[in-house]
Amino acid sequence: MKRIVVTGGAGFIGSNFVRYMLEAYPELEIVTFDKLTYAGNLDNLKDVDEARHTFIQGDIADKAAIKAAMEGCDAIANFAAGSHVDRSIMGADDFIATNVTGVYNICEAARELGTPRVLLVSTDEVYGSIDEGSFTEASPPRPGNPYSASKAGGELIALAHFNTFGTPIIITRGSNTYGPYQYPEKVLPLFVTNALDDEPLPLYSGGENNVRDWLYVEDHCRGIDTALRKGRPGEIYNIAGGNERRNMVLTRKILELTGKGEELIQFVKDRPGHDRRYSIDAAKLKALGWAPRMDWDEGMALTVRWYRDNEWWWRKIKTGEFLEYYRKQYHER
Ligand code: NAD
Ligand code: TYD
């Protein structure tokens, strides 16, 4: 592959992927196509090699724009999405436009242009919650909130596109991802940055019930790259961190690493429709040679250190629109 388009490349996982791919493949050129919503941030791409990287501001819901950006590329990897469950509960219009219509536009553009490979980044949340055991790619999607339903909707459109037109789409379903450059509305960077400021950590529903499987961002990027290069069109690949933790365990870890006490924990009302546990089996991707490398304790230490050392990055974000969102989300909760 010589030239790939990365949609949503100014977000958390997308920007880590751009950096990862430019380092892993010295000949590769990347075009980042991103709408720069509240979660998109050019600071995330500040240190990339400009000679091999081009940025286009655009919306995947605008078919002509995404098609023009994809012309002549060898592959597209789509990270663009409305990505936060709590925001989707406040209103899902943007989630439908990007996660469903946007994905359809990418499939259509790929068909018309003959794009050789289309990698769609999706989520383990499309399966919904599981009490015991782990979902495989053969498990049916049963999304439980507007975010995961919109991601499942995009997937179904894409799989039907493959079935009908042979569009070479590959889907990955990653688990909860953590690491540098994550927008601080998601639980991990929110709690780390709040703890550093001695602000309360708003934990939903006691924190003992809900379980997430934590995947370090570089492991997620390597998994996507593996599926992009070695995956079979029309197939789905789970990417699991193998680090299932209750939210209370995650919270205590953050307090330990920031040197703060449990008095910062504030128990707040639960999220409506809160999925209890996510768990996926990644044997299918492991058969292609991928495995997660980052140990959870080490990954957490690295991540907390990154937020501690990069206040310049998150202090700018935790102003204006963010504070407005925070007030709406947590005030009177
Ligand atoms: P993010 O919110 O940090 O980034 C999303 C990016 O997409 C932003 O840069 C935003 O500006 C851009 N974007 C949004 N709508 C767009 C549009 N219509 N056109 C072009 N660009 C648009 O999200 P993230 O956490 O980096 O997630 C990236 C992808 O990975 C998403 O598809 C998400 O569903 C998936 N995913 C995330 C996680 C996780 O834990 N964060 C886990 C599994 C899968
Ligand atoms: P989040 O980071 O929003 O990811 P997702 O909902 O996609 O898994 O939330 C992770 C877990 O943390 C989830 O169980 C909800 C919980 N949570 C809180 O307890 N408090 C918070 O302020 C947030 C944002 C999440």
Side-chain angles (χ1 to χ4, degrees), residues 6-17 32-42 44-45 56-62 65-66 69 77-89 94-95 97-99 101-103 105-106 120-126 129 144-145 147-148 150-151 154-155 172-179 181-191 194 200-207 209-215 217 220 223-224 238-239 241 245-248 250-251 265-271 273-278 280 326 329-330 333:
V6 177
T7 44
F12 164 47
I13 308 174
S15 63
N16 278 282
F17 183 76
T32 294
F33 180 96
D34 195 298
K35 187 177 174 182
L36 297 182
T37 67
Y38 76 92
N41 183 354
L42 289 177
N44 298 1
L45 294 166
I56 299 172
Q57 183 167 7
D59 185 345
I60 62 169
D62 174 347
I66 182 58
N78 177 51
F79 296 77
S83 71
H84 186 36
V85 174
D86 289 324
R87 293 232 186 204
S88 77
I89 293 170
D94 289 348
F95 290 75
T98 299
N99 302 0
T101 307
V103 167
N105 287 341
I106 288 172
L120 301 174
V121 177
S122 191
T123 165
D124 63 354
E125 301 193 23
V126 298
S129 184
N145 59 60
Y147 160 67
S148 52
S150 67
K151 292 294 290 186
E155 283 194 12
T172 57
R173 292 177 176 161
S175 64
N176 280 66
T177 304
Y178 71 107
Y181 299 103
Q182 185 168 28
Y183 189 85
E185 68 184 353
K186 304 279 169 70
V187 73
L188 198 146
L190 176 68
F191 280 17
N194 278 12
L201 314 187
L203 191 54
Y204 302 162
S205 173
N209 200 33
N210 300 90
V211 175
R212 297 293 183 265
D213 172 15
W214 294 97
L215 170 65
V217 67
H220 195 162
I224 292 166
N238 288 342
I239 310 180
R245 299 288 185 278
R246 282 175 291 123
N247 287 345
M248 181 56 96
L250 174 76
T251 305
I265 299 176
Q266 185 177 57
F267 295 109
V268 298
K269 208 169 98 200
D270 203 0
R271 167 189 285 172
H274 196 172
D275 284 333
R276 197 186 79 73
R277 173 174 175 260
Y278 295 137
I280 50 172
Y326 200 76
Q329 186 62 249
Y330 296 98
R333 187 160 190 153

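Keep in mind the model is a prediction, meaning the values are calculated, not measured. Counting starts at 1 for both ligands and their atoms, in listed order.
The single protein non-hydrogen atom nearest to atom 11 (C) of ligand 2 is Asn247 ND2, 3.6 Å, given as residue, atom name and distance. Among all non-hydrogen protein atoms, the one lying nearest atom 3 (O) of ligand 2 is Arg271 NH2, 2.9 Å.
The contact set between ligand 1 and Gly174, taken as ligand atoms under 4.0 Å from a residue heavy atom, comprises 43 (C). Under a 4.0 Å criterion applied to the non-hydrogen atoms of Pro202, ligand 2 contributes the atoms 18 (C), 19 (O), 20 (N), 21 (C), 22 (O). For ligand 1, the atoms closer than 4.0 angstrom to any heavy atom of Leu36 are 11 (O). When each atom of ligand 1 is checked for a heavy atom of Asp59 under 4.0 Å away, the hits are 17 (C), 18 (N), 19 (N).
Contact between Ala97 and ligand 1 is absent, with no heavy atom of the residue lying under 4.0 Å from the ligand. Residue His84 places every heavy atom at 4.0 Å or more from ligand 1. Tyr147 counts as a contact of ligand 1, since one of its heavy atoms falls under 4.0 Å from the ligand. Residue Ser15 places no heavy atom under 4.0 Å from ligand 1. Within the structure, the closest approach of Thr7 to ligand 1 does not fall below 4.0 Å when heavy atoms are considered. By the 4.0 Å heavy-atom criterion, Gly102 is excluded from the residues contacting ligand 1. Assignment of Gln329 to the shell around ligand 2 is not supported, since no heavy atom sits closer than 4.0 Å. Within the structure, the closest approach of Phe191 to ligand 2 falls below 4.0 Å when heavy atoms are considered.
Taking any N or O of Ser83, backbone or side chain, at least one lies under 3.5 Å from an N or O belonging to ligand 1. An N or O contact shorter than 3.5 Å is missing between Asn210 and ligand 2 by distance. The shortest N or O to N or O distance between Ile60 and ligand 1 is under 3.5 Å. Note: an N/O pair closer than 3.5 Å links Val187 and ligand 2 by distance alone. Annotation: Thr123 places no N or O atom under 3.5 Å from an N or O atom of ligand 1; distance criterion only. On a distance-only criterion, Tyr183 and ligand 1 share no N/O pair closer than 3.5 Å. Some N or O of Arg212 is nearer than 3.5 Å to an N or O of ligand 2, by distance alone. Of the N or O atoms in Asn176, none lie within a sub-3.5 Å distance of an N or O in ligand 1. Among the atoms of Gly82, none of the N or O lies under 3.5 angstrom from an N or O of ligand 1. At least one N/O-N/O distance between Asn176 and ligand 2 falls below 3.5 Å. Ligand 1 has a nitrogen or oxygen under 3.5 angstrom from a nitrogen or oxygen of Lys151. Backbone and side-chain nitrogen or oxygen atoms of Gly11 are examined, and one is located within less than 3.5 angstrom of a nitrogen or oxygen of ligand 1. Remark: ligand 1 and Ala61 share no N or O pair separated by less than 3.5 Å (distance only, no angle test).
The aromatic rings of Phe17 and Phe79 are tilted relative to each other, their planes meeting at an angle between 30° and 60°.
Of the heavy atoms in Leu215, none comes closer than 4.0 Å to ligand 1. The residue Glu125 has no part lying near ligand 1, judged by heavy-atom distances below 4.0 Å.
Side-chain atoms of Asn99 and Ser150 include a donor-acceptor pair closer than 3.5 Å.
Under a 4.0 Å N-O distance rule, the pair Glu125/Arg173 does not qualify as a salt bridge.
Arg333 forms a cation-pi arrangement with Tyr204, by the criterion of a distance under 6.0 Å to the ring centre and an angle within 45° of the ring axis.
Looking at heavy atoms from C-beta onward, Val103 lies in side-chain contact with Leu120 at the 4.5 angstrom threshold.
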- Tyr183 and Tyr38: ring-ring contact (aromatic ring centres under 6.0 Å, His included), yes or no, with the steps? CA-CA 9 Å; Tyr183 189 85; Tyr38 76 92; 5.0 Å; yes

